[in-house]
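Residue numbers start at 1 and run along the sequence shown. First listed ligand is number 1; within each ligand, the first listed atom is number 1. Keep in mind it's a predicted model, so treat the numbers as computed, not measured.
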Amino acid sequence: MGVWTTLFRKFRGRRSYDESFLAEHIPAHIAIIMDGNGRWARRRGLPRAAGHHAGMLAMREVIRAADDWGVQVLTLYSFSTENWKRPRQEIDYLWQLVDEFFQLDIEELVERNVCIKIIGDEEQLPEVTQATIQKARNQTIANTGLVVQFALNYGSRSEIVKAVQTVARRVERNELRASDITEGAIAAALETADVPDPDLLIRTAGDQRVSNFLLWQIAYTEFVFVDETWPEFTRTHFEESIKTYLTRERRFGGLK
Ligand code: FPP
């Protein structure tokens with residue numbers, strides 16, 4: 001099958017000519033910090049939960065867009081290790097939303113050949129949520145299309161610490177000498193070992209920080225910050241962010 005046939009097979013919607021350029025240069029891995037749900041709600045006089053619900057709807061559309069464009073990996077920062085500092089009620093609602101999302105969307109995700117992955121420490125999640133996630137993962141485990149990594153109870157420093165512990169245990173067992181520890185050995189011990197590093201990181205809602213997200217993996221990632229809050233982020237914003245990414249010259253520390 002020719003490359004164009006493959007690309008066009010990925011399209012589910014109508015695409016104009018100049019969008020075919022986009023399809024050809026689509027980043028393999030896009031990571032997103034979905035920020036601003038609370039602000040979206042506050043500006044509308046709504047409870048924060050309404051913002052998170054609207055955020056879930058935006059997330060659903062972006063997963064569809066990423067799949068339609070043939071993105072290989074989409075990583076979504078859904079709950080950070082720091083988010084436990086929020087009021088109990090808000091945290092409970094977020095887990096409820098995760099359950100709701102997987103229950104409502106699993107059929108479509110299976111149909112789209114999406115493979116669901118979780119990064120982060122699942123053990124602290126409510127048992128119901130753990131079960132929902134496990135079920136969704138099992139149902140999509142053999143899928144070969146878009147990999148969606150939900151970062152749930154995820155913190156990058158904690159991920160790196162665990163990876164270093166894994167490598168240190170190999171040293172303790174005399175499988176590896178300390179002087180032989182490579183970047184590859186650390187990367188292989190991270191939860192993201194089986195996917196390429198992100199090409200593009202998008203953060204919504206105007207703040208320009210990384211918030212303990214994929215610190216190791218974003219060494220050469222291009223950042224795109226958008227002012228819209230996450231619930232306002234549409235398929236068009238997603239495509240515009242990719243277009244912005246395409247204007248960047250990636251040199252990976254080398255020369256042009
Ligand atoms: C940040 O906005 C957003 C979150 C902490 C939650 C992200 C969750 C979703 C998009 C919903 C669905 C997720 C799944 C996996 C079903 P914020 O609340 O910090 O916004 P603020 O800074 O304006 O208060």
Side-chain angles (χ1 to χ4, degrees), residues 30-67 73-109 112 114-122 124-126 128-137 139-140 146-156 191 201-214 225-235 237-238 241:
I30 301 178
I32 308 184
I33 301 178
M34 308 183 288
D35 196 18
N37 292 351
R39 274 163 279 176
W40 180 91
R42 197 181 61 235
R43 286 171 198 158
R44 286 161 180 78
L46 295 169
R48 290 182 61 83
H52 292 313
H53 187 267
M56 188 262 276
L57 300 180
M59 186 184 80
R60 173 184 286 155
E61 244 344 272
V62 166
I63 294 173
R64 287 175 178 156
D67 180 38
V73 185
L74 180 68
T75 304
L76 300 167
Y77 207 4
S78 309
F79 191 94
S80 76
T81 44
E82 288 72 33
N83 287 152
W84 292 107
K85 293 178 199 155
R86 296 186 177 209
R88 187 74 244 171
Q89 203 188 3
E90 180 172 346
I91 295 172
D92 287 347
Y93 182 73
L94 280 167
W95 298 131
Q96 196 184 310
L97 206 52
V98 171
D99 296 340
E100 190 182 315
F101 172 77
F102 283 117
Q103 277 162 24
L104 290 177
D105 286 54
I106 191 65
E107 210 176 306
E108 178 178 343
L109 296 170
R112 283 179 175 268
V114 166
C115 178
I116 293 165
K117 252 191 77 180
I118 308 296
I119 57 171
D121 188 355
E122 278 174 62
Q124 287 169 37
L125 271 46
V128 179
T129 310
Q130 288 188 44
T132 312
I133 287 169
Q134 189 54 35
K135 194 170 163 209
R137 193 166 33 208
Q139 279 177 270
T140 63
L146 170 69
V147 175
V148 183
Q149 300 194 117
F150 293 92
L152 284 173
N153 192 23
Y154 175 85
S156 184
E191 294 188 68
L201 172 74
I202 301 170
R203 181 173 185 139
T204 58
D207 288 328
Q208 303 195 350
R209 55 176 170 260
V210 170
S211 304
N212 202 15
F213 190 43
L214 303 172
F225 298 104
V226 300
D227 288 334
E228 285 79 10
T229 61
W230 178 247
E232 293 166 325
F233 192 82
T234 62
R235 180 182 281 263
H237 294 110
F238 182 72
S241 302

- Query: Are Thr229 and Arg43 close enough that a side-chain donor and a side-chain acceptor fall under 3.5 Å?
  - Reply: no
- Query: Which residue owns the protein heavy atom closest to atom 22 (O) of ligand 1, what's the atom, and how far is it?
  - Reply: Arg39 NH2, 3.0 Å
- Query: Among Met59, Glu100, Arg60, which one has a heavy atom closest to atom 14 (C) of ligand 1?
  - Reply: Met59
- Message: With a heavy-atom distance limit of 4.0 Å, tell me whether Arg48 approaches ligand 1 through its side chain, its backbone, both, or neither.
- Response: side chain
- Item | atom 9 (C) of ligand 1 [closest protein heavy-atom partner, distance rounded to 0.1 Å] | Asn37 ND2, 3.8 Å
- heavy-atom search around atom 5 (C) of ligand 1 in the protein gives Asn83 OD1, 3.6 Å
- Query: Hey, what's the ring geometry for Tyr154 with Tyr77, parallel, tilted or perpendicular (30° and 60° as the breaks)?
  - Reply: perpendicular
- Less than 3.5 Å between some nitrogen or oxygen of Leu94 and one of ligand 1, yes or no? no
- Query: Among protein heavy atoms, which sits nearest to atom 1 (C) of ligand 1, and what does the distance come to when rounded to 0.1 Å?
  - Reply: Met34 O, 3.2 Å
- Task: Output the list of atoms in ligand 1 that are nearer than 4.0 Å to some heavy atom of Phe101, sorted by atom number.
- Result: 16 (C)
- Distance to 0.1 Å, residue and atom name: give those for the protein heavy atom nearest to atom 7 (C) of ligand 1. Ser78 O, 3.5 Å
- May I have the step-by-step check of side-chain contact (heavy atoms from CB on, under 4.5 Å) for Ile202 and Ile30, ending in yes or no? CA-CA 8 Å; Ile202 301 170; Ile30 301 178; 4.0 Å; yes
- Message: I'd like to check whether Tyr77 has a polar contact with ligand 1, where a contact means an N/O of the residue lying under 3.5 Å from an N/O of the ligand.
- Response: no
- Query: How does Trp230 reach ligand 1, by side chain, by backbone, by both or by neither, if only non-hydrogen atoms under 4.0 Å count?
  - Reply: side chain
- Item | atom 19 (O) of ligand 1 [closest protein heavy-atom partner, distance rounded to 0.1 Å] | Arg86 NH2, 2.6 Å
- Message: Using a 4.0 Å cut-off to any heavy atom of Gly38, which atoms of ligand 1 qualify?
- Response: 17 (P), 18 (O), 20 (O), 21 (P), 23 (O), 24 (O)
- Message: Please work out, at 4.0 Å between heavy atoms, whether the side chain, the backbone, both, or neither of Phe150 comes within that distance of ligand 1.
- Response: side chain
- Message: Could you work out, with ring pair (Phe, Tyr, Trp, His ring centres under 6.0 Å) as the rule, every residue matching His237, not counting sequence neighbours?
- Response: Phe233
- Message: Under the rule for ring pair (Phe, Tyr, Trp, His ring centres under 6.0 Å), what residues qualify as partners of Phe150, not counting sequence neighbours?
- Response: Phe101, Phe102
